[in-house]
Amino acid sequence: MVLLLCSSPATAAKIDEQFRAWLQNDLWPQASANGVSQQTFEAAFTGIKPNLDLPDLLMPGQKPKMPKKQHQAEFGSPGSYFGPIGGVTSGGRSRAGQHAKTLAAIEKRYGVPGEVALAIWGRESGFGTAKIPNNAFEVLATKAFMSTRKDMFRKEVIAALVMVERGLASPKSMKSSWAGALGQPQFLPTSFLDHAVDLDGDGRPDIWNSVPDTLGSIANYLVNYGWVKGRDWGFEVTVPDSVSCALEGPDRGRKISEWATMGISRVGGKPFPAHEARAEGFLLMPAGRSGPAFIVTPNFYVLKKYNESDLYALFIGHAADRIAGGDRNFAGRWGKVGGLYRSDVAALQRGLEGLGYDVGGADGLPGFKTRRSIGDWQEKAGRAATCFPDKALVEALR
């Protein structure tokens, strides 16, 4: 949810005053209770003012409104999301040899394939080349003070202060994205405290300057969220019309051999590996019938823990495959879908909720619960199931 802020100098000055009072009267007591010293607190916030240019902010006293447009690429048109993949895969291949010893150590210690860690590194920060110019304390404190997700960012700003208090970073080194994510793997501060590792052995985890620490921290993150050693992330498949697209989702798994018995087959004609066929898999159709389809493993949903988006996890898995085996596009073609306003998708979701469907919340984002609910409604209405929102569906369900 985004609300653009158009504040006069007088309004901005008032917000600054409220912000300083909030820091001292609200945030400082909690920081102190978490072991943060007055010296660390003052070093972090000296000269810091709210950044009113950040997205997802609310003026004090105002309520959030559903935006028309979707600004996060992960939730936009599925096909366009994969535009940058060539740079990630070519960059990953060029670095695979350069960092072969580090990647081998990561695979041995964590069981995470090196190409997966490379794909995430490339996607998150262009292998450390992306500019990350924001002051993390400015971003996190602004969002903790006046964003639509105050509670989340409050935890993050406290974690950032703890990082400095423990000597893991200096206030000046705490550079972040507009969302408050840090360093080359783009960890939020709580993720840094939970998952960052010192792989190069210099005594502290450094995700800003150390490639071994960056790659090791990415792998450790995935392991801590349940990465299963020896399993793939998934396979592109062909789904016959006899298999409903409404069967999608991580809560509707079955043995991959059972999906194959239903008529689902790998593109290219190869059988599923024997060890995968015996294990559980899940149907994934991120554009419904208007795009490629996949049978994914639990590791796909571990990738999704890095960024709560099907397209993000699919990008990483596909990029890793291309780093390891050469550039091959998906066999399935992405249709022209995803052009609706977010507010229109939310209206469709509310219509489905009124009919008793669980769409995962009327947030304007067509996740798997929304997609399969659409398919189920279409089937019951005697329509061809597409499992993806379009203008006609919005009008029918509004």
Side-chain angles (χ1 to χ4, degrees), residues 74-75 77-82 85 231-301 303-304 309-322 328-338 352 357-360 365-390 392-393:
E74 288 84 1
F75 300 103
S77 179
S80 62
Y81 185 73
F82 294 86
I85 201 165
R231 292 208 68 183
D232 209 314
W233 66 269
F235 309 90
E236 187 181 358
V237 298
T238 300
V239 180
D241 292 340
S242 58
V243 176
S244 171
C245 53
L247 294 175
E248 183 183 7
D251 53 350
R252 296 185 178 176
R254 59 186 72 197
K255 286 184 179 180
I256 292 179
S257 59
E258 292 181 31
W259 290 113
T261 299
M262 295 167 67
I264 292 178
S265 59
R266 289 181 68 180
V267 298
K270 286 185 178 180
F272 294 103
H275 73 283
E276 293 286 6
R278 294 190 295 268
E280 189 175 34
F282 314 90
L283 181 62
L284 173 75
M285 301 181 73
R289 290 285 182 184
S290 297
F294 307 87
I295 293 295
V296 298
T297 78
N299 282 345
F300 175 86
Y301 293 102
L303 293 177
K304 194 174 172 181
S309 158
D310 289 331
L311 292 182
Y312 177 87
L314 186 57
F315 184 104
I316 297 303
H318 186 44
D321 287 350
R322 289 169 56 137
R328 288 191 296 271
N329 291 325
F330 294 127
R333 297 292 183 91
W334 297 100
K336 293 183 178 180
V337 293
L352 286 168
Y357 286 97
D358 176 10
V359 297
L365 307 176
F368 74 89
K369 287 186 177 180
T370 295
R371 297 194 296 265
R372 71 188 187 190
S373 294
I374 288 171
D376 188 59
W377 179 84
Q378 288 171 319
E379 289 171 356
K380 289 178 178 176
R383 302 184 178 207
T386 64
C387 293
F388 207 81
D390 59 36
L393 282 168

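Just so it is clear, the model here is predicted, and its values are computed rather than measured. Counting begins at 1 with the first residue of the sequence. These numbers come from the heavy atoms of this one structure, side chains and all, not from hydrogens, waters or symmetry mates.
- Listed here is the closest heavy atom pair of C387 and G375: SG-CA, 3.4 Å.
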Report the C-alpha distance between W259 and F272 in whole Å, list the side-chain angles of each, state the deciding distance to 0.1 Å, and finish with yes or no for ring pair (Phe, Tyr, Trp, His ring centres under 6.0 Å). CA-CA 10 Å; W259 290 113; F272 294 103; 10.0 Å; no

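- The shortest distance between side-chain heavy atoms of Y312 and L303 does not fall below 4.5 Å.
- Aromatic ring pairs are classed by plane angle as parallel below 30°, tilted from 30° to 60° and perpendicular above 60°; the pair F330 and F82 is perpendicular.
- For the salt bridge (charged side-chain N to carboxylate O under 4.0 Å, His left out) condition, the pairs that include at least one residue of residues 375-385, sequence neighbours left out, are D376-K380.
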Could you walk me through whether F294 and W233 pass side-chain contact (heavy atoms from CB on, under 4.5 Å), step by step? CA-CA 10 Å; F294 307 87; W233 66 269; 4.1 Å; yes

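- If you take CD on E280 and OG on S257, they are separated by 11.5 Å, rounding to the nearest 0.5 Å.
- The shortest side-chain heavy-atom distance between P298 and R231 falls under the 4.5 Å cut-off.
- W334 and G79 get closest at one heavy-atom pair: CG-CA, 3.5 Å.
- Pairs passing the salt bridge (charged side-chain N to carboxylate O under 4.0 Å, His left out) check and including a residue from residues 256-273, sequence neighbours excluded, do not occur.
- Contact detail for A319 and I85: the closest heavy-atom pair is N-CD1, 3.9 Å.
- In this structure, the separation between OG on S242 and CE on M262 is 7.5 Å, given to the nearest 0.5 Å.
- The shortest distance between side-chain heavy atoms of S265 and V237 does not fall below 4.5 Å.
- Of all the heavy atoms in P240 and G263, the pair that sits closest is CD-O, 3.5 Å.
- Considering OG1 of T238 and CD1 of I295, their distance stands at 11.0 Å, rounded to 0.5 Å.
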side-chain contact (heavy atoms from CB on, under 4.5 Å) between D310 and F300, intermediate numbers included: CA-CA 9 Å; D310 289 331; F300 175 86; 3.9 Å; yes

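- Remark: the backbone N or O of A246 is paired with a side-chain donor or acceptor of R252 at under 3.5 angstrom.
- By the 4.5 Å heavy-atom criterion applied to side chains, D241 and R289 are counted as neighbours.
- For the side-chain contact (heavy atoms from CB on, under 4.5 Å) test with F368, the passing option among V359, L284, D251, L283 is D251; the others fail.
- When all heavy atoms of P286 and F388 are compared, the pair lying nearest together is O-CE1, 3.2 Å.
- To the nearest 0.5 Å, atoms OG1 (T386) and CE (M285) are separated by 10.0 Å.
- For R328, the CZ atom sits in a loose shell: 12 or fewer heavy atoms of surrounding residues, nucleotides or ligands are nearer than 6.0 Å.
- Between E276 and T297, the side chains place no donor N or O within less than 3.5 Å of an acceptor N or O (distance only, hydrogens not considered).
- You'll find the side chain of P250 reaches within 4.5 Å of the side chain of Y301, heavy atoms only.
- Summarising the geometry, atom NE2 belonging to H318 is positioned 12.5 Å from atom CG belonging to L311; distances are rounded to the nearest 0.5 Å.
- Side-chain contact between K304 and I316: absent, with no pair of heavy atoms (C-beta onward) separated by less than 4.5 Å.
- The closest side-chain heavy-atom distance from Y357 to W377 is below 4.5 Å.
- Using modelled atom types, one side-chain atom of E236 and one backbone atom of A331 make a donor-acceptor pair closer than 3.5 Å.
- In this structure the side chain of L352 reaches within 4.5 angstrom of the side chain of I374, judged on heavy atoms.
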